[in-house]
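So you know, we letter chains A, B, ... as the sequences are listed, proteins then strands, and number each from 1.
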Amino acid sequence: MEKIDRLGWAAGIAFTAYGLSVGIRVSDRSVLERVKALLPPGWKPAGKPTVRRLYSVIVGGPTARPGVRRFNLLYSDGARLLRTHDLEETLGQLELDLELYIADRAPRRTFVHAGVVGWNGQAIVIPGRSFSGKSSLVKALVKAGASYYSDEFAVLDERGRVHPYPIPLAIRPDRDGASPMKYRAEELGGVAGVCPLPVGLVLITRYVSGTRFRPRPASAGRAVLELLAHTLPARRRPGRVLDALTQTVAQASVFRGTRGEAEETARQILGSDLFRRERSASLSRVRASVGQGG
Amino acid sequence: MESVGPRARTNRLVTRELGDELIVYDLERHKAYCLNRVAMEVFRHCDGETTIPDMARRVGNALGLPVDEQAVRLGLVRLEKAHLLDSPVAQILHTSRREMLRALGRAAVVVVPLVTAITVPTSAQAQATGVCPTLGQRCQDTPDCGNPNLCKCNPAGFCAPK
């Protein structure tokens with residue numbers, strides 16, 4: 001770390017996000033604006049110069065010697081994360097590591113990989129990793145009138161409410177190897193949510209071509225397991241994570257099933273009564289499992 | 001004193017009740033389980049002193065339904081498989097696990113104790129997008145490069161896509 005500290009730094013930024021203070025310093029001032037575009041939603045300039053985590057970006061490029069290029073280097077505190085000639089790759093890794101740090105360490109929030117939209121004062125949470133099809137479904141729900149909360153993370157508080165994390169939706173084009181297209185909610189004719197919402201529906205689904213969407217009720221416990229499988233800080237603080245997840249699903253309906261095309265699925269979801277918490281159905285499910293032959 | 005009945009494990013477990021279900025997190029194995037109502041009642045009555053016949057009666061009282069010993073045995077087998085019991089079930093039931101499963105397979109178990117399991121991912125695994133999340137990092141700094149399904153250590157000693 002001391003070796004890195006001794007290098008000359010052209011510019012930097014210290015900010016807070018989700019209860020964490022982070023600094024990013026760069027060796028080339030022209031890169032700073034691009035770095036700012038990668039910061040998490042809701043970031044604010046830090047009031048103090050000391051931070052909990054410090055990223056250092058050393059920008060490479062040509063040297064005086066023909067054919068010789070300096071590497072771009074990325075450090076997290078004293079640990080080197082990346083060494084590459086590709087600046088885009090460097091900034092991509094910075095964004096990824098910063099996202100992981102915030103999602104894993106935020107003291108009062110639980111980050112779950114999920115798509116989230118708001119509908120009639122409640123949130124629909126669709127757990128799943130990036131490129132699992134949830135972004136397409138989130139996009140379709142927003143175009144159908146739901147408010148956009150996130151296509152990346154459900155950010156849960158201790159009361160089980162979900163907060164907005166409105167990074168642009170990333171939709172992967174059909175052709176292989178192409179970069180994802182990014183959309184703001186307004187570009188889709190939708191609106192971004194601003195207030196935390198209770199969760200009304202947890203939908204466990206994945207895209208299967210040609211399938212009709214026929215969701216079946218699932219238990220709250222099943223929803224907790226599904227959310228837990230996509231929760232970043234689960235291993236580090238399992239007790240607090242379970243508290244947040246059980247609060248989240250306590251009042252929610254839970255359904256599961258494969259889906260076909262996103263637009264048709266979105267219309268079915270928003271036009272249905274999936275949100276109604278079926279307490280009587282859950283009791284009958286217990287009795288049904290008791291009555292079945294084994 | 002030797003136990004007359006099965007005993008539930010308590011160390012290194014985090015549990016949360018959720019209506020008719022019980023969520024159990026195993027801190028040693030980083031696995032999480034959802035026990036349905038029947039399995040939850042069996043687990044609750046594993047105090048080292050309750051015999052199988054007594055357990056069947058008590059679980060049945062808790063559920064408001066008749067529960068036979070086969071259902072309790074099935075629940076114990078599933079709890080043992082999930083490492084949620086302190087002692088091997090076969091030892092308590094004086095039979096091998098294979099013989100027990102064979103007998104259960106022939107029986108008609110009306111009440112079904114269910115134990116659903118997942119492996120809890122690390123942060124890097126949970127974040128994985130299908131590309132190696134530790135791309136470019138030194139292998140020695142990150143065990144398995146964070147996700148052995150997506151990454152490998154290249155000859156230069158840096159994490160690379162698999």
Check: Should we count CZ of R70(A) as having more than 12 external heavy atoms under 6.0 Å?
Finding: yes

Note to self: Assess whether a salt bridge exists between D104(A) and R236(A), defined as any Lys/Arg side-chain N lying under 4.0 Å from an Asp/Glu carboxylate O.
What the structure shows: yes

Checklist line | Test side-chain contact (heavy atoms from CB on, under 4.5 Å) applied to R34(A) - qualifying residues, sequence neighbours left out | finding: L87(A), E88(A), L91(A)

Item checked: Residue selection (most heavy-atom pairs with chain B, distance under 4.5 Å) from T231(A), L245(A), D243(A) -> D243(A)

Note to self: Can you confirm if the NZ or CZ of R53(A) lies within 45° of the ring axis of Y101(A) and under 6.0 Å from the centre of its six-membered ring?
What the structure shows: yes

Margin query: With chain A as the partner, which of L22(B), L18(B), V67(B), V14(B) has the greatest number of non-hydrogen pairs under 4.5 Å?
Written below: L18(B)

Item checked: salt bridge (charged side-chain N to carboxylate O under 4.0 Å, His left out) involving D86(B) - partner list, sequence neighbours excluded -> none

Next item on the list: With a 4.5 angstrom heavy-atom cut-off, could you sort out which part of T15(B) is near chain A: side chain, backbone, both or neither?
Entry: neither

Note to self: With a 4.5 angstrom heavy-atom cut-off, is it the side chain or the backbone of L35(B) that approaches chain A, or both, or neither?
What the structure shows: neither

Next item on the list: Name the region of T84(A), side chain, backbone, both or neither, that has any atom closer than 4.5 Å to a heavy atom of chain B.
Entry: neither

